[in-house]
Protein chains: 2
Amino acid sequence: MNKNKKKTTIYDIAALADASPSAVSAVLNGTWEKRRLSRKLAARVMRIAEEQGYAVNVQASLLRREKSNIVGMIVPKYDNRYFGEIAEQFEELARARGMFPVVTCTQRDPDLEFEAARELISYQAECLISTGATDPDRISDFCSAAGVQSINLDLPGTKVPSVISDNRAGAYDLTMLILDRCLQDLGWSGSLRFVGGRLADHNTAARLEGFLAAHRDRGIEVPDHHVLAAGYSADSAARVLADFRPDGPAGIFVNSTISLEGVVRWHRTLGTRAAQVRYGCFDWDPFGSFLPGNVGMVEQDVSGMLGKAFSFIGHPETPGTQVLVPCRLHRFD
Amino acid sequence: MNKNKKKTTIYDIAALADASPSAVSAVLNGTWEKRRLSRKLAARVMRIAEEQGYAVNVQASLLRREKSNIVGMIVPKYDNRYFGEIAEQFEELARARGMFPVVTCTQRDPDLEFEAARELISYQAECLISTGATDPDRISDFCSAAGVQSINLDLPGTKVPSVISDNRAGAYDLTMLILDRCLQDLGWSGSLRFVGGRLADHNTAARLEGFLAAHRDRGIEVPDHHVLAAGYSADSAARVLADFRPDGPAGIFVNSTISLEGVVRWHRTLGTRAAQVRYGCFDWDPFGSFLPGNVGMVEQDVSGMLGKAFSFIGHPETPGTQVLVPCRLHRFD
DNA sequence: AACGTTTGCGCAATCGATAGAGCAACCTGT
DNA sequence: ACAGGTTGCTCTATCGATTGCGCAAACGTT
């Protein structure tokens, strides 16, 4: 209770319990029955450990052991529901499997991503899940050099298994929904605008594919200037729309909740013209359904993706495997 | 590059570099100049380490060292901006100070909180920041028994320093804003309703105090049935409002963004009567400003709080210290 | 040439927990 | 009473990195 400087070790407890350190170790890690220690000794040791506020030194324990049970995850940001949910569920799933989850946030900075991966490996993580990494292959290379399994989530790599949303299908469905609602609510049919993201990103590219395919299937041509993927930030979304003042019906496909902020900001500046605009967003936020003009959002299946990812742990798959997890479309109004 | 099973250790590198393990260790942890190793040896070792994809074994390193530089944090959830920002900034600040941040999410479960604290201590965390812990004192007790510093964030405890928002002042200001807007927009003055949270919680209690004080200063009496703190969830907020169908002006103080969801849901069911309702929310969300009827939100000063918390690290303060950090009021429209 | 100093590096103990191997004491059956 | 088995525990090497100490070679000085 009253140790002030050093922490209690099994040696301290051994002295107090009049037993050997190895006995204490066996009691405290639960192998004492296997090692045929008496229930009496075990009880005594456990009582003393409790009294002394003992906590095992994982450093020492892991050094000796073979398995660490640590699973690492890197996420870019905690600033939206999607990554927040990923982190939270990751921890839950890991614990449920008796593993120790360590999540670290890398601010979308490629170097920080790499450093974080190295740190997690230094901590003997047995598996590393890279979420939304800007350069997943660099991380997988390092992991495989260190003999650590790695898995990509949300963004695909080429070297290790990747679990990602079916962005194309989700975008296709969302585009169809917006087109439908434009027709239904506004009696109008025409090419939507695609706002937000970067075309170089895999996810944006896949979503644009779905967007274009839906238009094609409806026999609508998409003019080049309707693809406005100049970045993810709210500001850049607001900027690309700034001089678009529709004098008739219009529809917008928004590529992320961050961009959605910018779109809604723009939308509010339209005054009465706003009623002639319909939009939908790829990504989900609980406040989305309250935004006027928003006809639907695509929610990525976080549990589904993580479940898949966890199923890979300990079962190395063929390098390039790509698992697509379907999204869920929320329709509003 | 091609180790398949075991990880490279300083012994492997020592063999390859024709040097001793201690030399390799010194080179790789940067103390080689202090130990007067030649630049040539250092370069050779570093090259080989690079080639082999070496990553230090933190377990072994920390076991031998005195300081771990690990700072732990427990947060209840990642499901809103507030905790997400806390986690993110915590990591940033820790890294900026050369520490290794480990954040873990405890689902508002008191037992999980305690287990997580024990785990972090097992990992030799030098300091533990408990955010929004349901039972902070239990954690501080365990930490002090283990000789680990602990600090409370967001919710105060009695045993260790606590850094919390000035909930009372923030709520006072927000209440004043809503009252003002009711008068200004609706020409109405009267008692607002307080929706969401639990009165037993410190934060809710402090906010209710501010809420009541503002009414008192305006000479408005608050009837008991206007305090509707039946929980944080969106559903419970919607439920307590379900049979409130205002036939005149009304104002609502919402106690969290989670409750806000319920309030907005209710608000939309009002149809044309909705125009007669004004509300404001303690807590911030970027979509808040787009919600019709929302006159303002209180943003807690995450950087300020974390800055304070970090300033305590390594400088044990008088046990009960409570630091109040002012909030920022966002006004909409 | 003899001696002190600097340079460059290795030896070996150590951190705390774990696990294989081993050793007394006790029990059981004959 | 003694072989063979069981019970209950301890001894000791080990995991990988760190660090105080020490030692030999090279260098400088007079």
Specify the separation, in whole Å, of atom [atom1] of [X] and atom [atom2] of [N].
X: B/Q124; N: C/dC15; atom1: CD; atom2: C1'; result: 10 Å
X: B/N57; N: C/dC15; atom1: CG; atom2: P; result: 18 Å
X: B/L63; N: C/dT14; atom1: CG; atom2: P; result: 13 Å
X: A/K40; N: D/dT7; atom1: NZ; atom2: P; result: 17 Å
X: A/Y11; N: D/dT12; atom1: OH; atom2: P; result: 13 Å

message: If you count every heavy atom of other residues, nucleotides or ligands that lies below 6.0 Å from A/D18 atom CG, does the total exceed 12?
response: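 No, because the 6.0 Å sphere around CG of A/D18 holds 12 heavy atoms or fewer from other groups.
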
Tabulate below the donor-acceptor pairs under 3.5 Å that side-chain atoms of residues 145-157 of chain B make, not counting sequence neighbours, or state none.
| from | atom 1 | to | atom 2 | distance (Å) |
| --- | --- | --- | --- | --- |
| B/Q149 | OE1 | B/G314 | N | 2.9 |
| B/Q149 | NE2 | B/F312 | O | 2.8 |
| B/N152 | ND2 | B/S162 | OG | 3.4 |
| B/D154 | OD1 | B/Y82 | OH | 2.7 |

- request: Report the residue (B/L37 or A/Q59) whose heavy-atom-nearest nucleotide on DNA chain C is the more 5′ of the two.
  value: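 Looking at the nearest nucleotide for each, B/L37 comes out on the 5' side.
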
message: Under 4.0 Å, counting only non-hydrogen atoms across every strand here, what does B/L62 touch: a base, just sugar-phosphate, or nothing?
response: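 Nothing, no nucleic acid heavy atom in range.
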
query: Checking all strands, does B/R36 fall into the base, sugar-phosphate, or nothing category for heavy-atom contacts under 4.0 angstrom?
result: base

- prompt: How bent is the helix from C/dA1-D/dT30 to C/dT30-D/dA1, comparing axes over its five end pairs at each side, to the nearest 10°?
  reply: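 The two end axes of the helix from C/dA1-D/dT30 to C/dT30-D/dA1 meet at 40°.
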
message: Regarding A/S122 and A/R118, do their side chains bring together a donor and an acceptor under 3.5 Å, going by distance alone?
response: no

- prompt: OP1 or OP2 of C/dA17 sitting under 4.0 Å from any side-chain N/O of A/Y54?
  reply: yes

- request: Measure the shortest side-chain to side-chain distance between B/C105 and B/Q107 over non-hydrogen atoms and say whether it is less than 4.5 angstrom.
  value: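 SC-SC contact between B/C105 and B/Q107 confirmed.
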
- request: Taking the side chain as every heavy atom from C-beta outward, state whether B/L120 and B/T104 have any pair of such atoms under 4.5 Å apart.
  value: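 They are in side-chain contact.
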
query: For the side chain of A/R65 and the base of C/dT18, is some donor closer than 3.5 Å to an acceptor across the two?
result: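 Flag unset: no donor-acceptor pair detected.
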
Summary of salt bridge (Lys or Arg N to Asp or Glu O under 4.0 Å) pairs that have at least one residue in residues 124-143 of chain B, sequence neighbours excluded: B/K67-B/E126, B/D111-B/R138, B/D141-B/K159

statement: Within residues 19-35 of chain A, the residues having a heavy atom closer than 4.0 Å to DNA chain D are A/A19, A/S20, A/S22, A/A23, A/R35

What side-chain donor-acceptor pairs closer than 3.5 Å can you find for residues 68-75 of chain B, not counting sequence neighbours?
| from | atom 1 | to | atom 2 | distance (Å) |
| --- | --- | --- | --- | --- |
| B/S68 | OG | B/I70 | N | 3.1 |
| B/S68 | OG | B/Q124 | O | 2.5 |

field: side-chain hydrogen bond (donor to acceptor under 3.5 Å, both in side chains): pairs with one or both residues in residues 33-44 of chain B, sequence neighbours excluded
entry: none

query: Strictly under 6.0 Å, is that where the ring centroids of A/Y78 and A/F83 end up?
result: no

